[in-house]
Number of protein chains: 2
Amino acid sequence: MATISDVATRAGVSTATVSRALNGKATVDPELAARVLAAAEELGYRPNGPARNLRKQETAVLALIISDVENPFFTAIARGVEDVAHEAGYSLVLCNSDDTPEKEREYVDVALQERVAGVLLSPTGNEDTATLLARHSTPVVAVDRPLPERASDAVLVDNRLAAKHATLHLAGQGYGRIGCLTGPSGVPTADDRLTGYRDGLRAAKVAASSSLVRRSRFKAEGAQQAAHALLTQDDPPDALLVGNSTMAVGVLEALAALHLKPGRDVGLVAFDDAPWTTLLDPPLSVVAQPAYDIGALAARLLLERITGERTDTSTTTLSAHLVVRGSSSC
Amino acid sequence: MATISDVATRAGVSTATVSRALNGKATVDPELAARVLAAAEELGYRPNGPARNLRKQETAVLALIISDVENPFFTAIARGVEDVAHEAGYSLVLCNSDDTPEKEREYVDVALQERVAGVLLSPTGNEDTATLLARHSTPVVAVDRPLPERASDAVLVDNRLAAKHATLHLAGQGYGRIGCLTGPSGVPTADDRLTGYRDGLRAAKVAASSSLVRRSRFKAEGAQQAAHALLTQDDPPDALLVGNSTMAVGVLEALAALHLKPGRDVGLVAFDDAPWTTLLDPPLSVVAQPAYDIGALAARLLLERITGERTDTSTTTLSAHLVVRGSSSC
DNA sequence: TTGAAAGCGCTAACAC
DNA sequence: GTGTTAGCGCTTTCAA
């Protein structure tokens with residue numbers, strides 16, 4: 001593959017001039033610049049990224065570490081990040097941590113090695129990855145979940161408030177035994193939603209009971225089992241606040257298997273809007289999170305920090321909004 | 001950030017020894033190796049990726065260029081690719097081409113610049129990106145769609161046959177005016193599905209009519225409009241083969257707006273299985289594609305080519321299978 | 001405005 | 001088994 005000196009030879013100039021011409025530096029004779037451009041074109045020259053990165057001690061790459069690209073919520077975030085990154089001339093390395101501290105740690109290591117310009121991290125709650133990044137002074141923005149014990153930029157959603165609103169809504173619809181199916185303990189979003197749910201019960205003066213709360217991974221399968229257990233126990237809930245749209249699939253399957261109809265038999269509100277929620281009968285009430293915006297904003301913050309435009313740390317909390325549909329009214 | 005010579009100094013050895021020790025070369029005195037490891041650990045040393053990449057003239061990075069990560073089919077592919085890549089110690093750069101030749105071209109340029117080890121490409125049908133890659137002898141594997149006019153590795157799905165089967169199934173269920181809603185002209189998967197649909201009509205001896213065929217982007221919105229137009233015209237179809245699950249959302253919305261029920265009023269089969277398809281009433285019949293496997297296999301092929309284990313080009317065509325549910329029987 | 005030359009951090013000959 | 005050294009391809013002083 002052609003190098004900068006091949007181009008220089010062909011254009012009859014030095015490599016310095018080629019570099020300057022190709023990078024659009026002002027101080028280059030137009031005629032020489034044209035010759036350089038032509039030579040580069042003829043040779044199909046592409047600057048060697050690693051060489052440039054080494055020399056400049058910086059790369060135009062961001063890393064996005066999320067739990068799972070197959071989760072539509074994270075996909076939307078990824079899309080937001082990618083759009084902004086691409087716009088700014090940055091590439092995006094995608095990493096699935098599967099919510100395991102080991103994989104997260106491994107990916108942070110890769111990011112550090114490759115000297116990525118910055119990292120967007122939806123942390124598992126594992127402390128050392130954050131300190132690791134800090135030690136190497138790589139800019140980080142926490143996405144969807146805060147970084148434990150460390151002041152860093154973060155773009156979050158007010159899950160607690162959203163869960164409270166959703167719970168109040170269910171109570172207002174006349175459901176009296178409202179349950180909650182949330183994600184694993186220790187995952188901030190899961191915990192916040194549970195706390196918000198309890199806030200809601202309290203505000204609505206509805207009795208809380210630990211038998212109405214279940215946790216599972218943020219996946220359909222676990223949620224299905226948990227929902228089944230919840231609905232077949234003594235004194236089952238008559239409504240359910242569900243942790244995300246993937247879990248909602250499991251819950252809806254469990255309901256169908258028990259011949260229970262959403263809304264009529266069991267009131268339902270799930271976190272995350274998804275295109276298919278309106279197709280159900282009845283359509284699913286949801287807490288819609290601005291996932292794309294989270295990603296786009298986080299990427300913008302990260303870029304600002306990378307370029308040094310901003311040095312103070314900021315936590316932005318976006319709000320989610322309740323979309324009431326048929327599944328939450330008897 | 002600590003460099004290899006910092007580690008060398010601290011361990012009291014040369015940089016060569018550090019390099020050897022850290023890369024697990026056999027010929028290093030165990031005691032020295034231990035000292036090196038300790039020094040590296042103490043300094044929080046991370047080898048400089050760009051420097052190593054420059055020196056070795058290779059990177060452990062793959063690029064995945066797909067039309068849209070928000071499409072669950074591509075997401076599943078991405079996940080398959082990432083799992084295999086990660087297993088082999090490779091990172092993955094994610095690129096959304098939005099099915100535009102310009103963005104695709106742009107991303108191929110980036111991949112070339114960064115000297116990625118290989119590219120997984122779901123091409124728009126634009127010829128020059130393929131030749132570009134070939135000119136620079138970067139290994140490529142085409143994913144989901146073949147590379148135009150060029151012998152390269154490819155992992156495809158037999159869309160034509162699958163579409164034929166689906167159409168035959170609809171005909172067998174007694175639908176007599178079967179329509180087809182597929183993707184943009186020129187996108188091979190869209191065209192193949194249309195061809196297969198026509199194969200099916202012919203085999204079933206059902207009359208074909210161009211008024212029963214519509215195209216739109218592989219998105220819900222376009223599909224909704226197209227479906228609406230199709231269903232409100234004179235002599236509307238009584239069944240529809242739909243191009244993918246995203247389009248299916250649009251079609252189902254259009255049906256609901258017209259108070260038409262899938263199955264009873266309009267038979268429906270859509271490409272791509274999705275978790276929510278079983279939640280509908282009636283559940284949606286689909287053509288399930290092995291998306292994760294496509295990604296995983298493509299990544300494996302690419303890695304084999306990168307390492308030189310394989311030099312002959314191969315085209316693997318996986319088959320999709322029809323999953324009959326309620327939406328395709330009156 | 002242009003060129004010569006140093007050097008980013010690493011690995012791989014090569015010499016010892 | 002270990003050290004010395006060249007050089008990957010680029011950008012950026014520094015001189016001219």
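No hydrogens, no waters, no symmetry mates; every other heavy atom, side chains included, goes into these values. In the text below, chain A, chain B and the rest are named by the order of the sequence lines, each starting its count at 1.
- OP1 or OP2 of D:dG9 has at least one side-chain nitrogen or oxygen of B:Q57 nearer than 4.0 Å.
- For B:T15, taking side-chain heavy atoms from C-beta onward, the closest of the listed nucleotides C:dC8, D:dT5, D:dG7 is D:dT5.
- Heavy-atom contacts from other residues, nucleotides or ligands closer than 6.0 Å to CD of A:E41 number 12 or fewer.
- Counting to the nearest Å, the C1' atom of D:dG9 and the CE atom of A:M1 are 13 Å from each other.
- Between B:I4 atom CD1 and C:dG7 atom P the separation is 19 Å, expressed in whole Å.
- Counting only heavy atoms from C-beta on, B:T27 has its side chain closest to D:dG1 among D:dG1, D:dC10, C:dT11.
- Below the 3.5 angstrom threshold, one finds a donor paired with an acceptor across the side chain of B:R20 and the base of D:dG3.
- Put simply, A:T17 has a side-chain N or O that comes within less than 4.0 Å of OP1 or OP2 on C:dG3.
- When all heavy atoms of A:V157 and A:P290 are compared, the closest pair comes out as CG2-CD, 4.4 Å.
- Using a 4.0 Å heavy-atom distance criterion, A:P50 is classed as making no nucleic acid contact.
- Contact check for B:R46 versus A:R115: side-chain heavy atoms found under the 4.5 Å cut-off.
- Of all the heavy atoms in A:L22 and A:Y45, the pair that sits closest is CD2-CE2, 3.5 Å.
- Atom NZ in B:K25 sits roughly 13 Å away from atom C1' in C:dA13 (whole-Å rounding).
- Between A:E114 atom CD and C:dC10 atom P the separation is 12 Å, expressed in whole Å.
- A heavy-atom distance below 4.5 Å is found between the side chains of B:S122 and B:F74.
- Checking the phosphate oxygens (OP1, OP2) of D:dT11, a side-chain nitrogen or oxygen of A:R52 falls inside 4.0 Å.
- Listed nucleotides: D:dC10, D:dC8, D:dG3. Nearest to the side chain of B:L54: D:dC8.
- Comparing B:K56 and B:L32 by the nucleotide of DNA chain D that holds the closest heavy atom to each, the one mapping nearer the 5' end is B:L32.
- Comparing C:dC10, D:dT4, D:dG9 against the side chain of B:A16 picks out D:dT4 as the nearest.
- Under 4.0 angstrom from either OP1 or OP2 of D:dC8 there lies no side-chain N or O belonging to A:N48.
- Taking atom CZ on B:R55 and atom P on D:dG9, their separation rounds to 10 Å, with Å as the unit.
- Phosphate contact (OP1/OP2 of D:dC8, side-chain N/O of B:N53, threshold under 4.0 Å): absent.
- As a whole-Å value, the separation of A:D6 CG from D:dC10 P is 9 Å.
- Per the geometry, CD belonging to B:E58 stands 16 Å off C1' belonging to D:dG9, to the nearest Å.
- With distances taken from any side-chain atom of B:D29 to the nucleotides C:dC10, D:dG1, C:dT11, the minimum falls on D:dG1.
- Between B:R300 and B:E304 there is no salt bridge, since no side-chain nitrogen of the basic residue lies less than 4.0 Å from a carboxylate oxygen of the acidic one.
- In this structure, B:Q113 places its CD atom 13 Å from C1' of D:dG9, rounding to the nearest Å.
- Summary of the strand contacts: A:P30 and A:R115 both lie near DNA chain C, and taking for each the nucleotide with the nearest heavy atom, the more 5' one is attributed to A:P30.
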